[in-house]
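Notes to accompany the following structure.
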Amino acid sequence: MADQQLKEFGQSVVGWFRRFPSNIPRYATERLPIIKWLPKYNRPWAVRDIIAGVTVGLIVVPQGMSYAKVAGLPVQHGLYSAYIGAIFYCFMGTSKDLTIGPTAVISLVTGELVAELAGRFTPAQVAGISCLAVGALIAILGILRLGIILDFFPTTVLVGYTTGAAVTIIIQQVPKWLGVPNINNRDPIYTILINMFKAFGTISWLDLVFGLVSAFILVAIGLAVDRWGRGRFSIQLIKISRFFIVTVLATVMSYVVNMNAPTDAKGNIIPRISILKTVPSGLPTPVVPELTASLIGEIAPKLLAITLATVLEHIAIAKAFARRNRYQIDANQELLTLGLANVTASFFGAYTVTGSFSRSAVKFQCGVKTPFAGFVTGALVILAIFFLTPVFFYIPDAALSAVIMVAVSTLVSPPSVFYQYFKINLWDFLSAMVALFVTIFVSVETGIASGVGFSLIVLLFRVARPNFHVLRQLKDRPDVFVDESATKTFDTEAAPHGVLVFRIEESTTFPNTETFKTWVVEEVYKYTRFGGRVKKVSDRLWSDDLDVHIRELRRVAHGVNSNITDNDLPKLRALILDFSAVNNIDSTGLQGLFDLRELLKDYAGVADFPDTFFELHFVGIQANVLRILELSGITRPVESIAKQKIEPLEEVAVENSKGSPASSEHSRSHDQILPNGGSGGYASQDQSGIDESHEGVTGELPQKSEEHELGDWNRDISHATLGAGSLSVYGSSPFLKEEGLVHLTVRDAIDAVLVRNAAWRRNIINLTSDASSDEEEHNKHKP
């Protein structure tokens, strides 16, 4: 099979190179989606895009400066990040709603990196280094089409670490918001809170007023619009622009308060409140970040955390809006776009950018039509950088902290979300909690790593310990088999005695092979008895306590007071494995099937009595798994089985009745052996179901036992509504004692077992009769 896969891979590579010249136009449009939608651009689209772009621009200017402070950078770097990302995405993005720029979580992790490298690199250098490294890594993921990696990061971890990061940012902003000076907001959050309470006596009351009033206005506008402005875009626009409105009002009031403020010896103003002060005007000179291999190795954990947070946030937001608006995004193209945007931005003073949920939601509410709105946003930010920086001088730090806290509060998931996780799945809840608390009390990168690591451990555990089920038949639907646990809901009955039906809910691979084998063998011990010769005590191993183990299993399965013995249970005659949920099987899983078959054959008595009837059947095997099983020899190729001579059940049963006087006598006790309409079920539990004799051709078949067992067997067939499995591989073809048969449904498999056992019985009886006749003839000619 491996050689076939290599051949197919080689053919696909050769075909790709052959088609490359003719596919260049398609590749160009895939990498630059603007080529496809720009020729269709029209005036109505332009109106919506301009409205959305301007609105987002009014939001991103104050937010960009605020998030830069979270990142420990001068505020202008937030503006540089805002315009480059927005403009770049216009050309390569596949989502009309998404806007990229500085965000809270990325700013927090970048701030941790800035603090770690303080003294060796300036904050601006750290921003460029991280932006270039992260952008290059994301671009590589996009080029190699490795978006599948994102599937290993569950939503619960995303919710957990996002909430933890938001809580961390809010607590870090509290000292500035309340006007408490000289607090290092890079300390652990519990240290920040302790130091803040210790320094509460030095609080700046003017800063406190600015912070409280700004936060009150922001919250009040949001609540008022939500209550009275639903469905009215003109009123919703007030809520959308509230950050810009509050920043403008706070700046005006700050200017009034500081109008007559004293100056120092150099003529610089000594403000009465904490303000931004000088913000450079114009665009920075492009600079190549000083990125070295040793530095990358040193800060690799932080870079990896920024990369994961950037990619997860961006793709999650893009997919959410694509679902909502019923269009498709290309995840690999999004990764390539995001990576190249960051690589480009790193040369122009920006730090890492990604998709912003709040600003993307604003674009959606404005009815954006194309990614061109991002170009409008970027242009507006550039105008602000050139013409509004003198005004930024008086923006109060307390007001910016209020803007940050209110903006970030939307990232905090309410307790109801975590409670929902708890109700649905405990492990999902725990993964969210791990990500949440580790992010708050340690760091964002550790929170992401812990949450993802915990989820992967749970995933591996689920693969290694999948669910296994014993299947039972519905009494009123003979063709339907359900899990044993459904007996409380449905009226079910077991398969015929000696036949066990199991289903595995996972691929059969090396982590779960031993568990699967152990579970199957223990279930066999519970419901069937040993069919071989019982060893003497002197022949057993000193450590053999299997009898004790089996008694305990049966006591648990049948009840403490059941007193089940071997005489109460049938011998194992067939095992049917429902593989409909098995998507893959590896070499270890395949070897496990061979080992399991040999174990069960020995338990059924084949080793001691070679003519014992025991078969392994498979149901619902998927094509890729079936091919592996056929190549291994544990099953026969389905096509060759289908082409063999088959004989209907009626003929097999009639031959059976002719082959034995006992069976003939029993068949006359019924109107017919095979009525046209069956009862819809199999033999009841008090019937032996499938023949259990071992004597075969080498031993003598006791007449009473033969009559009883064959009678019960015919009764099984006469009470069964037979399906497609009633056609047996019979006649010129040998019985498949080594290969397992494959069926579409469980009902087909059970019918096949019943029919094939009947044919086996006929052969045994005929061979025994022939042996008896030969012996009589030999005795007759004796002198």
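Residue numbers start at 1 and run along the sequence shown.
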ask   = Listed by chain and number, what are the side-chain hydrogen bond (donor to acceptor under 3.5 Å, both in side chains) partners of Tyr327, not counting sequence neighbours?
value = Ser95, Asp97
request  = Kindly write out the residues that satisfy ring pair (Phe, Tyr, Trp, His ring centres under 6.0 Å) with Trp519, not counting sequence neighbours, or none if the list is empty.
outcome  = Phe468, Phe502
request  = Decide side-chain contact (heavy atoms from CB on, under 4.5 Å) for Asp479 and Val746; before the verdict, give the C-alpha distance in whole Å, the side-chain angles of both, and the deciding distance to 0.1 Å.
outcome  = CA-CA 8 Å; Asp479 57 328; Val746 175; over 6 Å; no
inquiry  = So that I know where these two stand, are Phe437 and Tyr161 an aromatic pair - ring centroids less than 6.0 Å apart?
reply    = no
message = Is a donor from one side chain sitting under 3.5 angstrom from an acceptor on the other, for Asn583 and Gln622?
response = yes
key: Side-chain heavy atoms of Val582 within contact of Leu577, under 4.5 Å   = no
Salt-bridge criterion met for Arg554 and Glu552 (N-O under 4.0 Å) = no
Flag side-chain contact, heavy atom, 4.5 Å: Val311 against Leu335 = yes
task = Test Thr508 against every option in Ile585, Val625, Asp586 by the side-chain contact (heavy atoms from CB on, under 4.5 Å) rule and name the one that passes.
result = Ile585
Arg597/Asp595 salt bridge by N-O under 4.0 Å criterion = no
ask   = Can you name the residues that form a side-chain hydrogen bond (donor to acceptor under 3.5 Å, both in side chains) with Glu523, not counting sequence neighbours?
value = Lys526
key: Centroid-centroid distance, Tyr603 to Phe614, less than 6.0 Å   = no
request  = Would you check, one step at a time, whether the test side-chain contact (heavy atoms from CB on, under 4.5 Å) holds for Arg573 with Glu615?
outcome  = CA-CA 7 Å; Arg573 288 295 170 261; Glu615 289 187 337; over 6 Å; no
ask   = Does some side-chain heavy atom of Arg477 sit less than 4.5 Å from a side-chain heavy atom of Phe490?
value = no
task = Check whether any side-chain heavy atom of Arg145 lies under 4.5 Å from a side-chain heavy atom of Gln333, and answer yes or no.
result = no
inquiry  = Under a 4.0 Å threshold between the charged nitrogen and the carboxylate oxygen, would Asp578 count as salt-bridged to Arg503?
reply    = yes
message = Ring-plane angle category for Phe613 and Trp760, please: parallel below 30°, perpendicular beyond 60°, tilted otherwise.
response = tilted
request  = Could you walk me through whether Thr155 and Tyr421 pass side-chain contact (heavy atoms from CB on, under 4.5 Å), step by step?
outcome  = CA-CA 11 Å; Thr155 303; Tyr421 292 153; 4.3 Å; yes
ask   = Hey, are Thr156 and Ser431 close enough side-chain-wise for a donor-acceptor pair under 3.5 Å?
value = yes
query = What's the shortest heavy-atom distance between Ile306 and Ser130, and which atoms?
reply = CD1-CB, 4.3 Å
Sub-4.5 Å side-chain heavy-atom contact between Leu616 and Leu600 = no
ask   = Would you say the side-chain atoms of Thr745 and Asp748 include a donor-acceptor pair closer than 3.5 Å?
value = yes
ask   = Any side-chain heavy atom of Pro496 sitting closer than 4.5 Å to one from Leu754?
value = yes
ask   = Ile299 versus Leu113: any side-chain heavy-atom pair under 4.5 Å?
value = yes
ask   = Less than 4.5 Å apart, any side-chain heavy atom of Asn512 and any of Glu506?
value = yes
key: Sequence neighbours excluded - side chain to side chain donor-acceptor pair (under 3.5 Å) pairs with any residue from residues 432-460   = Lys302-Glu445, Ser443-Glu445, Ser443-Thr446
Check: His314/Glu334 side-chain N/O donor and acceptor closer than 3.5 Å = yes
request  = Output all residues satisfying ring pair (Phe, Tyr, Trp, His ring centres under 6.0 Å) with Phe422, sequence neighbours left out; order by chain, then residue number.
outcome  = Phe429
message = Run the ring pair (Phe, Tyr, Trp, His ring centres under 6.0 Å) test against His558 and tell me which residues pass, sequence neighbours left out.
response = Tyr527
